[in-house]
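Quick note: numbers below take in every heavy atom, side chains included, and nothing from hydrogens, waters or symmetry partners. Keep in mind it's a predicted model, so treat the numbers as computed, not measured.
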Amino acid sequence: MMRMKSVVLLLGMVFGFALTRVRASEYDMIYRMFVGSDLTVAWVILGAIAVGLAGMKVLRMLGDRTIDGSSIKVSRKSLDRASLAGAALFGAGWGLSGACPGTVLAQIGSGRILGLFTLLGMIAGTYAYALVVEEEIHRSE
Amino acid sequence: MMMTTGIDWVSQSWPWWAGGAVIGLLVPILYYLFNQGLGVSTGYATLIKAVLPRTPLRWFNSARFSDRWGWRLFFLGGMILGAVLANYLAGGPFVSTGMGILTSHLEWPLPLVGLLLFVGGFMMGIGARLAGGCTSGHSIHGLATLQVSSLLVTVTFILFGALSANLVRIFLLGGVR
């Protein structure tokens, strides 16, 4: 478990480093993507999808096995009306704050401390979800 | 060398394809090594659980948060460290109070800018949980694994992101692009 966490820390560093290097940590780059004047970040996302797709294809050709031989189980995302409402809320928050849950960490790491407000908002929003939505689901069960 | 591209990969900005390739590789790597899907936003729930281990809220006491110091916490921490390193190597300021045109064009006191960012973050916090993921979990991991739900969610992300950013552009930033 400790070994997994060290490797994950390293992979996280690669992610944070790359996000900063493609300037996804800059408010203006997200803003320009959404108003259509600079699509660099959109291209990064599309490039990541393409490479991720190719990488998953390679894993499939190798038998869909993890390094220790167990079969890979892709995490499936469900869809209902609530998830689309959530997606709308998320998108609006993304356009407003110029950061997403990943890039806000790159903002903070690269010294843009106002990103801490976005981070606090995300933590509060996650807590509010557990408090309101999940507790309500349990009550109605 | 044959491969000289003229880019200093350590300290200069990368072209989109290089960043896309590095980030996209995380999807198969996380499955191959740990059988886990790439995703960031769930890590914020792991963080809450680490800080409030005795919270009575049932969701935080479900099996997925049974490890108080879950691996996602290390992923999030690594992302901050990676950005610290990238910024240090590029010679950027260790701390800055700028937030792009939001602080250069908008003559608001910093706490008010902070409030705007907090509201945006709050919407993303709830929204990501209702949607079942964020940009990395849905738009990158979900689309790289060809999930229809991620396509619909991503289209919705983009539409509403464009809507709110354009509202900011028109009503707060005087139309600047």
Side-chain angles (χ1 to χ4, degrees), chain A residues 5 8-9 12-13 15-18 20-22 27-28 34-35 37 40 43-44 47-49 51-53 55-56 59 66 72 74-75 77 79 82-83 86-97 100-102 105-106 109-111 114 117-118 121-126 129-130 134 138, chain B residues 14 16-17 19-24 27-28 31 35 37 40-41 44-45 57-59 71 74-75 78-84 86-87 95-96 99-100 114 117-118 120-127 129-132 134-136 140 142-145 149 153 156-157 160-162 164-165 177:
Chain A
K5 285 169 182 172
V8 158
L9 184 89
M13 285 185 71
F15 197 2
F17 194 92
T20 309
R21 277 293 169 270
V22 295
Y27 179 93
D28 291 0
F34 281 132
V35 303
S37 57
T40 303
W43 282 111
V44 170
I49 294 167
V51 171
L53 198 61
M56 292 306 288
L59 286 183
T66 65
I72 289 176
V74 170
S75 122
K77 309 272 189 187
L79 185 76
S83 41
L89 204 56
F90 181 92
W94 187 6
L96 198 62
S97 61
C100 66
L105 300 168
S110 53
L114 283 178
F117 286 99
T118 315
M122 282 191 306
I123 294 170
T126 306
Y129 168 81
E134 286 286 335
H138 281 290
Chain B
W14 292 355
W16 64 267
W17 51 266
V22 169
I23 295 166
V27 177
Y31 274 122
N35 219 348
V40 174
S41 62
Y44 290 95
L57 296 184
R58 291 186 232 201
W59 187 57
W71 67 271
F74 291 79
F75 196 57
M79 290 179 72
I80 296 182
L81 288 178
V84 169
N87 184 52
V95 167
S96 76
M99 190 49 85
L117 296 174
F118 181 89
F122 191 85
M123 292 163 78
M124 283 190 284
I126 292 193
R129 292 286 50 80
L130 286 172
C134 61
T135 323
S136 52
I140 296 176
L143 289 180
T145 51
S149 56
V153 162
T156 311
F157 283 171
F160 281 82
S164 71
R177 283 178 190 271

### Query
To the nearest 0.5 Å, what is the distance between OG1 (B:Thr145) and CD1 (A:Ile49)?
10.5 Å
### Query
In terms of ring plane angle, is the pair A:Trp43 and B:Trp16 parallel, tilted or perpendicular, where the classes change at 30° and 60°?
tilted
## Note on the structure
One should read off an interatomic distance between A:Leu89 CG and B:Phe157 CZ, to the nearest 0.5 angstrom, of 10.5 Å
### Best-contacting candidate, B:Ser96, B:Ala21, B:Gly37, against chain A by heavy atom pairs under 4.5 angstrom
B:Ser96
#### Entry: Separation between OG of B:Ser164 and CZ of A:Phe34, rounded to the nearest 0.5 Å
7.0 Å
### Query
When rounded to the nearest 0.5 angstrom, what is the spacing between OG1 in B:Thr156 and CZ in A:Phe90?
12.0 Å
### Message
Quick check on B:Ser136 against chain A: is it the side chain, the backbone, both or neither that has a heavy atom closer than 4.5 Å?
### Response
side chain
#### Entry: Nearest non-hydrogen partners of B:Tyr31 and A:Val74, listed with the distance
OH-CA, 3.4 Å
### Query
Under the 3.5 angstrom rule, does the side chain of B:Arg129 hit a backbone N or O of A:Ala130 as a donor-acceptor pair?
no
### Task
Determine the option with the most heavy-atom pairs under 4.5 angstrom with chain A, choosing from B:Ser41, B:Cys134, B:Gly132.
B:Cys134
### Message
Only pairs of heavy atoms separated by less than 4.5 Å count here; which of A:Gly47, A:Ala18, A:Gly93 has the most with chain B?
### Response
A:Gly93
### Query
Hey, what's the ring geometry for A:Phe15 with B:Phe75, parallel, tilted or perpendicular (30° and 60° as the breaks)?
tilted
### Task
Could you check which of A:Thr20, A:Ile123, A:Thr66 has the highest count of heavy-atom pairs closer than 4.5 Å to chain B?
A:Thr66
### Task
Heavy atoms only, distances under 4.5 angstrom: which of B:Ile140, B:Asn87, B:Leu117 has the most pairs with chain A? Name it, please.
B:Leu117
### Query
Taking every heavy-atom pair that is under 4.5 Å apart, which of B:Thr135, B:Val84, B:Leu143 has the most such pairs with chain A?
B:Thr135
### Task
Tell me, out of A:Gly91, A:Ala106, A:Ser97, who's got the most heavy-atom pairs with chain B below 4.5 Å.
A:Gly91
### Message
Tell me which of these, A:Gly102, A:Gly86, A:Ala48, has more heavy-atom pairs under 4.5 Å with chain B than the rest.
### Response
A:Ala48
### Query
Quick one: what part of A:Thr118 sits under 4.5 Å from any heavy atom of chain B, side chain, backbone, both or neither?
both
### Task
Taking the side chain as every heavy atom from C-beta outward, state whether B:Val27 and A:Met56 have any atom pair closer than 4.5 Å.
yes
## Note on the structure
Nearest heavy-atom contact between B:Ala83 and A:Ser110 is CB-N, 3.9 Å
### Choice from B:Ile23, B:Val22, B:Asn35 maximising heavy atom contacts with chain A below 4.5 Å
B:Asn35
## Note on the structure
Among A:Lys5, A:His138, A:Met122, A:Arg21, the residue with the most heavy-atom pairs under 4.5 Å to chain B is A:Arg21
### Task
Using the side-chain contact (heavy atoms from CB on, under 4.5 Å) rule, take A:Leu96 and B:Phe122 through it: C-alpha gap first, then chi angles, then the decisive distance, then the call.
CA-CA 11 Å; A:Leu96 198 62; B:Phe122 191 85; over 6 Å; no
### Query
Just by distance, do the side chain of B:Tyr44 and the backbone of A:Pro101 share a donor-acceptor pair under 3.5 Å?
yes
### Task
Work out which heavy atom in B:Ala131 is nearest to a heavy atom in A:Ala87; give both atom names and the distance.
CB-N, 3.8 Å
### Query
Minimum heavy-atom separation for A:Leu79 to B:Ser149, with atom names?
CB-CB, 3.6 Å
### Query
Do the side chain of A:Ser37 and the main chain of B:Arg177 share a donor and acceptor less than 3.5 angstrom apart?
yes
### Task
Evaluate the criterion side-chain contact (heavy atoms from CB on, under 4.5 Å) for residue pair B:Val40 and A:Leu105; output intermediate values, then yes/no.
CA-CA 10 Å; B:Val40 174; A:Leu105 300 168; 4.2 Å; yes
### For chain A, the option from B:Ala162, B:Ala45, B:Gly19, B:Gly20 that forms the most heavy-atom pairs under 4.5 Å
B:Gly20
#### Entry: A:Leu59 versus chain B, the contacting section by heavy-atom distance below 4.5 Å
side chain
